[in-house]
Number of protein chains: 2
Amino acid sequence: MNLKQLSHMLSLSQTTVSRALNGYPEVSEETRRRVMDAAKRHGYRPNPSARRLATGKAGMIGYVMPTGASVDMDPHFVEFLSGLGDYARSHDLDLVLSPTAADEEETTYRRIVANKQVDAVYVSSPRPADRRVALLEHLGIPYIVHGRTEGLDFEYPFLDIDNEAAFQEATRLLIQLGHTKVALINGDDSQTFAIHRERGLKKALAASGLKLPAHRLISVAMTEENGYRATRRLLEHDEAPTAIVCSSLFMTLGVVRAIRDLGLSVPADVSLIAHDDVFPWLKPENFSVPLSTTRSSIRAAGARVAERLAARISGLETGPRGEIWPVDLVVRGSIAGAPA
Amino acid sequence: MNLKQLSHMLSLSQTTVSRALNGYPEVSEETRRRVMDAAKRHGYRPNPSARRLATGKAGMIGYVMPTGASVDMDPHFVEFLSGLGDYARSHDLDLVLSPTAADEEETTYRRIVANKQVDAVYVSSPRPADRRVALLEHLGIPYIVHGRTEGLDFEYPFLDIDNEAAFQEATRLLIQLGHTKVALINGDDSQTFAIHRERGLKKALAASGLKLPAHRLISVAMTEENGYRATRRLLEHDEAPTAIVCSSLFMTLGVVRAIRDLGLSVPADVSLIAHDDVFPWLKPENFSVPLSTTRSSIRAAGARVAERLAARISGLETGPRGEIWPVDLVVRGSIAGAPA
DNA sequence: GGCGGAAGCCAAAGCGCTTTGGATTTCTTT
DNA sequence: AAAGAAATCCAAAGCGCTTTGGCTTCCGCC
């Protein structure tokens, strides 16, 4: 069933039918009713390719997905996607993933914009002075950054959580508990979120006249294995920390394993706070010692990004609007006063 | 830069340029060379919407993604996607995710097919007599099922791993080690893979005259928490198993925690074999006791599905071709002879 | 030398939609 | 009752590509 058939069936022109369907005012309410009715009854759906060709609107939001042997997509992505999908579904938006070699991201962005394949895109895992953001700004397509970049000479729209405050808060709590040697096991520090977290932690330390020596800061990809290694390294050092803040629940699995392997225990020997993105399949309260966390649902962020993207597509949202979500600090059994 | 401009610039008709670019024979080699050259030099890329409108080919592969509060997408998906993306990238295929309410999947499939939004789709997490498969067969769009369904009255193309053999093998090994009380912590048994695994395990048991009593079989969503609960239930039973086979590494995290909580140990009290889909961020060798596993890379499966989908799109692969991958059985420290 | 057939190229017709620029009808207004 | 305004509706022109159905050339051959 296409427009032509439908309009013929209604003895109306394609113009009128199209207008009726798209809510243009030049058509009487009665006609509109009739048209919409018939459309629904016959399950008419405008052909997206044709519509896109005519309007340039795609009804899709895009994501340029780096792939390749060396690129590990992490489980965060799928949670984010769930949220995005939740919203997108209710607004008839599809999602296009454009797989790209890491060194061809720019080309891909240019392509999908030039071809009008998508109406908007989102950018994840931004780095400082992220070139993708500059490019998108330049290309003029609606976009939102999930996270933040830094050091760009213009404002941009983003959604981020307050990583700095979260880790500052967490660290402050540890300090109040008497910890002076706090370590940070962070994600890859080429990413802004990691930088922010480090900053927050350092601020809290500094506020109490404490420092974060290099050997107490580890920045690595967030895997269980890396968490394990990092922790061993930390705890086998002369100046071992009595508290660890960890950027990911996955890493924390490794952290806990290392602590146990070393014959130590949580929180008696080491206090632990981790960041929790809220996965249904791995919960901090279910760790052998329930984990204190800074918590923020990455899924909710996905939904919100979709919502804002939709708003931008339809022109409801414009300009460089930044949104920073506060992060919960959830206290559970994994923290205690510093050992004497 | 569009076809018109390019052809004008070459003083050729759009027809000829189009043909030259698409490898049709009615154009001299010299002209073709010239055209291709100019196209490359000016970075000409045919507009996909237009091409799609004209040909009906989309250059995309689709996935209907169930979403909603109650739907938990799991980390397997992202690994599979990575693999798919790896291949898709090298063949200029994009990926469309169509988010759908669980009860509207059929509508969505019909829509994307009717609109020719995608050239092919893949189906994941199939259940027995899966209606989606029947629908796709009926609609006549190229597709591949990742996994298997059962009880359909026609053949269909799929890629699956040999879950039955894998779990049979694993169980046989446990039996050889003297275990007679083997338990299975399985995924949701509405899905075929879970059924196959159960079948494999039962076969191995039966071959030795053993049975799988109901209290030793647990089928639940594959989360850490469920793994924990299941294990407690199993081990607190009078007839507690001495060996557990577990369908997922995530669950196994919970399994190990439960065993420890109960003051038992692996493998002295309980032997453990889990299925490993090969995640970069969680490796079986890094469990406190290295885990024996049945192993098959879900990422590789993703790549292969993409490859076959591409082959189907271009007509190189046809008919109901099934592909079943053998599964490695990797022995590590988590299994030992049954306790006396 | 003329004819048949390749080889090489082109004009134009879609694909299904939106949108511009009227045309027609109906309703007000004076 | 005539004229202007408003309300409806329509024909046709794109959007950028592929593809059908020719139309020229250019050879080779009898």
Side-chain angles (χ1 to χ4, degrees), chain A residues 1-36 38-39 42-60 92 94 111-119 313-315, chain B residues 1-36 38-39 42-60 92 111-119 313-314:
Chain A
M1 171 65 54
N2 58 23
L3 226 212
K4 194 168 173 184
Q5 292 166 19
L6 183 63
S7 59
H8 191 255
M9 159 173 309
L10 287 162
S11 301
L12 285 172
S13 75
Q14 299 188 33
T15 310
T16 304
V17 175
S18 171
R19 284 185 165 146
L21 257 22
N22 295 319
Y24 282 68
E26 310 78 335
V27 52
S28 73
E29 273 316 310
E30 194 214 320
T31 308
R32 188 189 306 282
R33 201 86 60 192
R34 250 182 77 220
V35 171
M36 296 209 125
H42 294 81
Y44 167 77
R45 287 275 213 160
N47 177 316
S49 310
R51 163 177 262 159
R52 179 176 328 173
L53 185 57
T55 62
K57 291 280 170 197
M60 303 208 185
D92 270 325
D94 281 342
R111 187 194 89 211
I112 64 178
V113 171
N115 291 338
K116 310 204 169 162
Q117 290 201 121
V118 299
D119 297 331
I313 291 173
S314 58
Chain B
M1 173 64 54
N2 59 22
L3 225 213
K4 194 167 172 185
Q5 292 165 19
L6 183 63
S7 60
H8 191 254
M9 159 173 309
L10 286 163
S11 301
L12 285 172
S13 75
Q14 299 189 34
T15 310
T16 305
V17 175
S18 171
R19 283 186 164 146
L21 258 21
N22 295 319
Y24 282 67
E26 318 64 346
V27 51
S28 74
E29 273 316 310
E30 194 212 320
T31 308
R32 188 190 306 281
R33 202 87 59 192
R34 251 181 76 219
V35 171
M36 296 210 126
H42 295 81
Y44 168 77
R45 287 275 213 159
N47 177 316
S49 310
R51 163 178 263 158
R52 178 176 329 172
L53 185 56
T55 62
K57 291 278 170 199
M60 304 207 185
D92 271 325
R111 187 194 88 211
I112 64 179
V113 170
N115 291 337
K116 311 206 169 157
Q117 288 199 123
V118 299
D119 297 331
I313 291 173
S314 57

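This one's a predicted model, so the numbers in the text were calculated from it and none came from an experiment.
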Test item: side-chain donor near acceptor, Thr15(A) and Ser18(A), under 3.5 Å: no
Gap separating the CE atom of Met36(B) from the OG1 atom of Thr31(B), nearest 0.5 angstrom: 12.0 Å
Sugar-phosphate, base or nothing in reach of Ser11(B), heavy atoms under 4.0 Å: sugar-phosphate
Touch class at under 4.0 angstrom, heavy-atom based, for Thr31(B) against every strand present: sugar-phosphate
Nucleotide dA7(C), atom P - distance to CD of Glu29(B) in whole Å: 13 Å
Heavy-atom side-chain contact between Met9(B) and Met1(B) under 4.5 Å: yes
Selection: residues 13-23 of chain B, any non-hydrogen atom under 4.0 Å of DNA chain C: Ser13(B), Thr15(B), Thr16(B), Arg19(B)
Between C1' of dT20(C) and OH of Tyr24(A), the distance in whole Å: 11 Å
Contact boundaries on DNA chain D for chain A, cut-off under 4.0 Å to non-hydrogen atoms: dT8(D) to dG16(D)
Spacing of NZ belonging to Lys57(A) relative to OG belonging to Ser314(A), to within rounding of 0.5 Å: 8.5 Å
No-hydrogen, no-angle side-chain donor-acceptor test under 3.5 Å, Arg51(A) and Asn22(A): yes
Residue pair Leu21(A) / Tyr44(A), side-chain heavy-atom distance below 4.5 Å: yes
Five-pair end axes of the helix from dG1(C)-dC30(D) to dT30(C)-dA1(D) and the angle they enclose, rounded to 10°: 50°
Any Arg52(A) side-chain heavy atom under 4.5 Å of Met60(A) side chain: yes
Criterion side chain to side chain contact (heavy atoms under 4.5 Å, CB included) on Asn2(B) and Asn47(B), from CA distance to verdict: CA-CA 8 Å; Asn2(B) 59 22; Asn47(B) 177 316; over 6 Å; no
Ionic contact status for Arg111(B) with Asp94(A), cut-off 4.0 Å: yes
Glu30(A) and Arg33(A) ion-paired at < 4.0 Å: no
